[in-house]
Amino acid sequence: MSAGRDTTDDVATSFEATRSMAVGSEISPGNGVDETRRLRIEMDDLRLELEKAREGNASLQQRVFALSHELERLHDTTQALVELRPKLDEGQSRLRETEGRLAEAQNELDGWPARMAERDHEIKDLRNRLQEVESSASWRRTKPFRKLRKSLRKHVGI
């Protein structure tokens, strides 16, 4: 860009020199030299405008280039997101299934305290009944027979 800026500075300097010469002299309608100077000034003005337009064009081209790269990057990102969408949907579906199973397990766990209390009550009842049986007179009277049976099993294999 510095070469373009140097050219712009040269054109501006040439333009100012030509303009000052034109302002310092009298311009008469029939004078060919004055017409040449006026045309040179106009040409210098047009060159300056052209140089500015070229600089603007170069700047716009750089901007278009940057935007096209940004657009390409956005397109690639969009494509990646489109490709990932089915995986996301599948993951969400699996998550919903897992959450459903978790809710079922939680419901089952919520019922455990009541079941445990019921089992504790059954165990307590069975212990009480066993204690009643073991403390009964018939249990005490049959103790020697149970001992004899145990001994026979051990020695004879009955």
[atom1]-[atom2] distance between [X] and [Y], expressed to the nearest 0.5 angstrom:
X      : Y      : atom1 : atom2 : value
Thr78  : Leu74  : OG1   : CG    : 6.0 Å
His121 : Leu126 : NE2   : CG    : 10.0 Å
Glu118 : Ile123 : CD    : CD1   : 11.0 Å
Asn107 : Leu102 : CG    : CG    : 9.5 Å
Arg129 : Gln131 : CZ    : CD    : 13.5 Å
Ile41  : Leu46  : CD1   : CG    : 12.0 Å

Same cluster or not: Leu109 versus Met116, using hydrophobic residues (I, L, V, M, F, W, Y) connected whenever any side-chain heavy atoms lie under 4.5 Å apart? yes
Hydrophobic cluster membership, with links at side-chain heavy-atom distances under 4.5 Å among I/L/V/M/F/W/Y: are Leu88 and Val82 in one? no
Can you confirm whether more than 12 heavy atoms, excluding those of Arg141, are under 6.0 Å from its CZ atom? no
Please identify which of these residues, His69, Glu70, His75, meets the side chain to side chain contact (heavy atoms under 4.5 Å, CB included) condition with Arg73. Glu70
Evaluate Asp89 against Arg85 for side chain to side chain contact (heavy atoms under 4.5 Å, CB included), listing each step before the verdict. CA-CA 6 Å; Asp89 292 342; Arg85 185 63 189 192; 3.3 Å; yes
Which atoms form the tightest heavy-atom contact between Arg140 and Glu134, and what is the distance? CG-O, 4.4 Å
What pair of heavy atoms forms the shortest contact from Arg115 to Glu108, and how long is it? NH2-O, 3.8 Å
Taking [Y]'s backbone N and O only, do any of them form a donor-acceptor pair with [X]'s side chain (distance below 3.5 Å, no angle check)?
X      : Y      : result
Ser151 : Leu148 : no
Arg146 : Trp139 : yes
Ser59  : Glu55  : no
Thr98  : Arg94  : yes

With side chains defined as the heavy atoms from C-beta onward, is the minimum distance between Arg101 and Gln106 less than 4.5 Å? no
Stepwise salt bridge (charged side-chain N to carboxylate O under 4.0 Å, His left out) test for Lys87 and Glu90: CA-CA 5 Å; Lys87 291 180 182 179; Glu90 179 185 339; over 6 Å; no
Looking at Glu51 and Arg47, is there a salt bridge between them, counting it only when a charged N and a carboxylate O are closer than 4.0 Å? no
Glu132 and Asn128: side-chain donor and acceptor closer than 3.5 Å? no
